[in-house]
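Everything on this sheet refers to the single structure shown next.
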Number of protein chains: 2
Amino acid sequence: MNTQSLPLVLFMDKLKQFLRQIVPISDEEFGKAIPYFEIKNLKKGEYFVHQNKICRQIAFINKGSLKTYYINHKSDEVTSCFCSGHCFVTSYKSFIKQVPSELAIQAMEDVELLVISREGLYKLYDISSIWQTIGRILAENEYLVMEKYASVLNNESAKEKYLRLMEEQPDILQKASVEDIASYLGVTRRTLSRIRKEISNM
Amino acid sequence: MNTQSLPLVLFMDKLKQFLRQIVPISDEEFGKAIPYFEIKNLKKGEYFVHQNKICRQIAFINKGSLKTYYINHKSDEVTSCFCSGHCFVTSYKSFIKQVPSELAIQAMEDVELLVISREGLYKLYDISSIWQTIGRILAENEYLVMEKYASVLNNESAKEKYLRLMEEQPDILQKASVEDIASYLGVTRRTLSRIRKEISNM
DNA sequence: TAAACTTAGGGACATTTGTCCTTTATTTTA
DNA sequence: TAAAATAAAGGACAAATGTCCCTAAGTTTA
């Protein structure tokens with residue numbers, strides 16, 4: 001079946017459910033947004049955002065998982081986030097400041113995204129105050145997510161972070177490489193190997 | 001001289017300068033905000049935000065320096081930020097969600113703050129679209145500051161962080177205790193002592 | 001299918017950091 | 001001002017982590 005020929009609305013149900021957890025939105029109000037979204041399919045390894053390119057879109061993950069990473073001053077790839085399940089993904093700093101993205105966002109498996117451009121989103125803000133509210137809450141959420149991330153970096157050991165990953169995103173442990181998981185935890189592969197051994201002995 | 005009896009406007013000049021770096025604002029527009037601010041003086045050791053209390057204000061630092069800290073799961077105080085110079089301070093998560101603050105914000109020396117309540121700020125949003133813009137940019141800035149913080153946590157060694165502190169906030173090295181600086185760097189006092197020795201031999 | 005390549009696990013040793021403790025200098029209090 | 005309390009520096013050893021390997025298993029390519 002060629003999914004591209006089906007009406008877009010059929011693919012936007014998860015998004016509607018997701019938004020209704022944030023703010024009550026009628027079918028009518030939601031309907032206004034449909035023309036501004038489009039489907040984007042990525043194969044494993046392809047990029048939603050390239051490093052050093054300006055990020056001009058926000059994506060909602062309909063299916064699949066992605067990782068975000070950057071290159072540090074030792075030229076290592078550092079994984080900063082595993083994105084799976086139904087949520088928004090963007091390189092937020094690049095998106096709001098329209099500067100080149102330090103982050104790359106890459107598909108870890110085939111993914112289906114619902115994508116809206118910055119221009120489209122701003123038009124939605126103009127035509128609908130509920131979308132303005134959604135935009136503000138989205139921004140606040142980005143702050144809260146980042147604060148949580150910083151708190152985890154500050155307070156949890158690599159082992160605790162690994163256990164959290166097992167708990168919250170067990171699928172990622174299958175889909176990501178040892179290198180990616182280790183850099184996400186902030187340790188070397190060798191230490192990750194020790195952590196896994198410790199956990200298997202618990 | 002009793003500073004309390006002088007007109008508030010005399011104390012708000014630094015704030016005006018600070019805002020004009022963000023957005024052009026006329027004297028008239030700025031004047032509208034004056035009634036919503038008040039001066040708050042804190043002695044060394046006193047708190048602007050208490051842990052577990054809801055934060056209902058934002059402060060602009062007119063004079064002095066503060067630190068933000070929280071208690072981690074090992075019951076250690078962890079310093080997360082040293083605030084000095086002219087900038088805004090608040091426990092942002094608590095402020096936007098109106099939940100008890102994990103952070104405490106404490107004066108490291110006598111400080112003079114310009115304080116606006118959440119209600120006052122929201123009223124300013126209503127009466128002036130430029131203040132709405134300021135509010136949004138403030139929120140985006142909080143995101144960017146937190147992202148920067150996370151990036152430093154992720155990418156810099158304790159020694160690099162110490163050198164950055166020497167560079168960017170040298171006054172803090174005098175005002176904060178060894179414990180505070182060490183927990184800010186994410187190491188023990190012992191390691192900070194080694195870092196200082198290393199740097200003095202450079 | 002065999003050879004080449006990639007990936008994960010783990011051994012051996014070096015380096016870094018933490019823990020515990022003592023010494024010294026500085027500040028506070030009686 | 002002397003005694004007590006607090007704060008910072010650093011020694012000695014233990015624990016954790018990194019570096020540099022090698023091996024084995026799985027995957028890709030000729």
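Only this structure's heavy atoms are used, side chains among them; waters, hydrogens and symmetry mates stay out. The chains referred to below are lettered A, B, ... by the order of the sequence lines, with proteins before strands, and numbering in each begins at 1.
Nucleotide C/dT7 holds its C1' atom 12 Å from the CD1 atom of A/Ile181, rounded to whole Å. One atom, CG of A/Asn201, and another, P of C/dG9, lie 14 Å apart when rounded to the nearest Å. A straight line from OH of B/Tyr162 to P of C/dT17 spans 16 Å, rounded to a whole angstrom. C/dG10 atom C1' lies 14 Å from atom CD1 of A/Ile195, rounded to whole Å. Nucleotide C/dG18 holds its C1' atom 14 Å from the CG atom of B/Leu192, rounded to whole Å. Whole-Å rounding puts the A/Arg190 CZ to C/dG9 P distance at 10 Å. In this structure, B/Glu179 atom CD and C/dG18 atom C1' are separated by 15 Å, rounded to whole Å. Rounded to an integer number of Å, the gap from CD of B/Glu198 to C1' of C/dT16 is 10 Å.
Comment: A/Arg164 does not engage A/Glu167 in a salt bridge, judged by the lack of any side-chain N to carboxylate O separation of less than 4.0 angstrom.
A nucleotide of DNA chain D counts as in contact with chain B when one of its atoms lies under 4.0 Å from a heavy atom; the first and last such, 5' to 3', are D/dA8 to D/dA12.
Rounding to the nearest 0.5 Å places CG of A/Leu165 at 6.5 Å from CD1 of A/Ile181.
Residues A/Leu163 and A/Ile199 have side chains in contact (heavy-atom distance under 4.5 Å, counting atoms from C-beta outward). Contact of the B/Thr90 side chain with the B/Gln57 side chain is not registered, since no non-hydrogen atoms from C-beta on lie closer than 4.5 Å. At least one side-chain heavy atom of A/Trp131 sits less than 4.5 Å from a side-chain heavy atom of A/Leu19. Using a 4.5 Å cut-off on side-chain heavy atoms (C-beta onward), B/Leu103 and B/Val49 make no contact.
Within 3.5 Å, no donor on the side chain of A/Arg194 pairs with an acceptor on the base of C/dG11, nor the reverse.
Of all the heavy atoms in B/Ala104 and B/Gln51, the pair that sits closest is CB-N, 4.0 Å.
When distances run from any side-chain atom of A/Ser177 to the nucleotides C/dG10, C/dA8, C/dT19, the shortest one goes to C/dA8.
Note on A/Thr191: only backbone sugar-phosphate atoms sit closer than 4.0 angstrom, heavy atoms only; bases stay farther off.
The 5' end of DNA chain D is approached more closely, in terms of each residue's nearest nucleotide, by A/Ser157 than by the other of A/Arg189 and A/Ser157.
Proximity of A/Ser193 to the phosphate of C/dG9: no side-chain N or O atom is located under 4.0 Å from OP1 or OP2.
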